[in-house]
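Here the structure comes first, spelled out in structure tokens, and everything after it is commentary.
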Amino acid sequence: IETLSYFFVMNDAKDSSMNALYYLGLPVPNNKSDYVDPSEGFTDAYQEYLKTILGFLNEDNEYAEKIINLEKRIASNSFDPKDARDVDNYYKPYEKKELSKIFKGIDFEKMVENYGFEKSNTIIVYDEGAVKTTGEILVKDNLNELKVLSKVNLYRAFENILAEEHIEASETFRKKRYGISGEKTLNQKAIDYENSLFTDYIGQLFVEEYFSKEGKEDVEKMVNEFINEYKIMLEKNEWLSEETKNKAIEKLLAMQIKVG
């Protein structure tokens, strides 16, 4: 559970044959625009939601605004969603020792070890602005706010499996945020939560049940036909230079087909 730092492992964005460790910094639960250009009523609804959580945790309501301010600092310095389309924006490799220099208030290398990633010497920084701001926030001067924020984030990780009053607090905020009405049954909520937790495992079971070896081969054949047609189109192209065509074909043939 990531309460004050968010690490995750996924395919290396520049070499899909291997996994890489990514670091996002202090987790922010809402979109950047929710903090820097919020829609009407969002901030009030979010603050009320945080106050409800703080009440459950026996913490002072004054921390709601402080938490929003910390999250806003992170969000304000993070990249815009459109920037995530460019791999160079979210692929910033750091050696662990070099990355630790950003964090003056904590032992970053020890934190990485405590998360179980002690063997990872290279860490991909997903959002450089967010991570650098995290380094500024994780200091002793913010200790009280960080303790409360850690509790709040831990609570939010499990709120959907707590008693009904806790689930209702989250639902109320969600309705106000998106302007929706209606109510899901507990069974529907349970299915949604199960899917969010076990997406890959459920997907694997679906593939095993409904995606045969023959189906996989058929799709791979179709994709190869697409690639071959594109290659022919590029070879016949009359307005591209030979150098550009050759590079385009080289890139096309380098595509790795991953089906199922």
Side-chain angles (χ1 to χ4, degrees), residues 1-38 46 66-157 196-197 199-200 251 254-256 258:
I1 303 300
E2 299 85 3
T3 60
L4 292 178
S5 275
Y6 185 22
F7 292 92
F8 60 96
V9 176
M10 72 174 191
N11 287 349
D12 189 302
K14 294 193 174 182
D15 184 358
S16 61
S17 67
M18 59 186 292
N19 287 330
L21 176 64
Y22 288 76
Y23 180 55
L24 190 58
L26 195 154
V28 175
N30 303 302
N31 299 323
K32 177 176 182 175
S33 59
D34 292 327
Y35 296 96
V36 300
D37 186 22
Y46 185 46
K66 293 178 179 179
I67 287 173
I68 291 175
N69 288 336
L70 287 179
E71 292 177 347
K72 185 176 181 178
R73 281 181 63 186
I74 299 287
S76 298
N77 291 294
S78 64
F79 57 51
D80 293 324
K82 61 180 176 58
D83 295 329
R85 300 170 189 167
D86 186 346
V87 65
D88 289 328
N89 288 328
Y90 64 82
Y91 192 92
K92 306 289 186 181
Y94 277 78
E95 290 301 307
K96 187 163 49 181
K97 286 186 179 296
E98 188 66 23
L99 185 56
S100 68
K101 295 177 182 178
I102 295 174
F103 297 85
K104 308 297 184 183
I106 63 171
D107 186 338
F108 181 80
E109 291 187 69
K110 185 66 176 177
M111 181 176 70
V112 173
E113 180 182 334
N114 288 340
Y115 269 88
F117 299 123
E118 65 276 1
K119 293 182 180 180
S120 298
N121 291 317
T122 301
I123 300 173
I124 311 299
V125 169
Y126 185 82
D127 188 325
E128 216 166 24
V131 168
K132 288 180 178 179
T133 307
T134 297
E136 297 170 2
I137 289 175
L138 295 182
V139 294
K140 190 174 182 180
D141 288 347
N142 296 323
L143 185 58
N144 290 334
E145 289 89 342
L146 291 170
K147 284 181 178 180
V148 176
L149 177 58
S150 182
K151 289 182 181 180
V152 169
N153 284 340
L154 181 61
Y155 168 90
R156 284 193 282 207
S196 70
L197 289 177
T199 301
D200 291 338
K251 186 174 182 180
M255 290 176 61
Q256 296 182 25
K258 296 183 178 181

Flag, side chain of [X] to backbone of [Y], donor-acceptor distance under 3.5 Å:
X: D86; Y: D88; result: yes
X: S78; Y: A75; result: yes
X: N153; Y: L4; result: no
X: S150; Y: L146; result: no
X: K258; Y: S16; result: yes
X: K96; Y: E118; result: yes
X: N142; Y: V139; result: no
X: D83; Y: N89; result: no

Any side-chain donor paired with an acceptor under 3.5 Å for Y91 and D12?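 D12 and Y91 do have a side-chain donor-acceptor pair below 3.5 Å.
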Qualifying residues under salt bridge (Lys or Arg N to Asp or Glu O under 4.0 Å), relative to K104, sequence neighbours excluded: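 For K104, no residue satisfies salt bridge (Lys or Arg N to Asp or Glu O under 4.0 Å) once neighbours in sequence are set aside.
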Compare all side-chain heavy atoms of Y94 with those of E128 and state whether any distance is below 4.5 angstrom.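 Sidechains of E128 and Y94: in contact.
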I'd like to know whether M111 forms a side chain to side chain contact (heavy atoms under 4.5 Å, CB included) with F7, so could you lay out the CA-CA distance, the side-chain angles of the two residues, the decisive distance to 0.1 Å, and finally the verdict. CA-CA 11 Å; M111 181 176 70; F7 292 92; 4.0 Å; yes
Quick check for you: to the nearest 0.5 Å, what is the distance between [X] atom [atom1] and [Y] atom [atom2]?
X: N77; Y: K32; atom1: CG; atom2: NZ; result: 7.5 Å
X: I137; Y: I74; atom1: CD1; atom2: CD1; result: 3.5 Å
X: K66; Y: E145; atom1: NZ; atom2: CD; result: 5.0 Å
X: D127; Y: D80; atom1: CG; atom2: CG; result: 9.5 Å
X: Y35; Y: I68; atom1: OH; atom2: CD1; result: 7.5 Å
X: T3; Y: K151; atom1: OG1; atom2: NZ; result: 12.0 Å

Return yes when atom [atom1] of [X] has more than 12 non-hydrogen atoms of other residues, nucleotides or ligands closer than 6.0 Å, and no otherwise.
X: K72; atom1: NZ; answer: no
X: D15; atom1: CG; answer: yes
X: M255; atom1: CE; answer: no

For residues 19-29, which side-chain donor-acceptor pairs fall under 3.5 Å, sequence neighbours excluded?
| residue | atom | partner | partner atom | Å |
| --- | --- | --- | --- | --- |
| Y22 | OH | N11 | O | 3.3 |
| Y22 | OH | A13 | N | 3.0 |
| Y23 | OH | S5 | OG | 2.8 |

From CA spacing to verdict: side chain to side chain contact (heavy atoms under 4.5 Å, CB included), E95, N121: CA-CA 6 Å; E95 290 301 307; N121 291 317; 4.2 Å; yes
Only counting residues at least two apart or in another chain, list the ones meeting side chain to side chain contact (heavy atoms under 4.5 Å, CB included) with K110.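 Testing K110 for side chain to side chain contact (heavy atoms under 4.5 Å, CB included), a comparison that skips the adjacent residues, returns D107, E113, N114.
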Would you please test I123 and F108 for side chain to side chain contact (heavy atoms under 4.5 Å, CB included) and show each step? CA-CA 12 Å; I123 300 173; F108 181 80; 4.0 Å; yes
Please verify the inter-ring angle class for Y6 with F8; under 30° counts as parallel, over 60° as perpendicular, anything in between as tilted.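 Ring orientation, 0 to 90° scale: tilted.
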What do the steps show when you test Y46 against D34 for side chain to side chain contact (heavy atoms under 4.5 Å, CB included), and what is the final call? CA-CA 10 Å; Y46 185 46; D34 292 327; over 6 Å; no
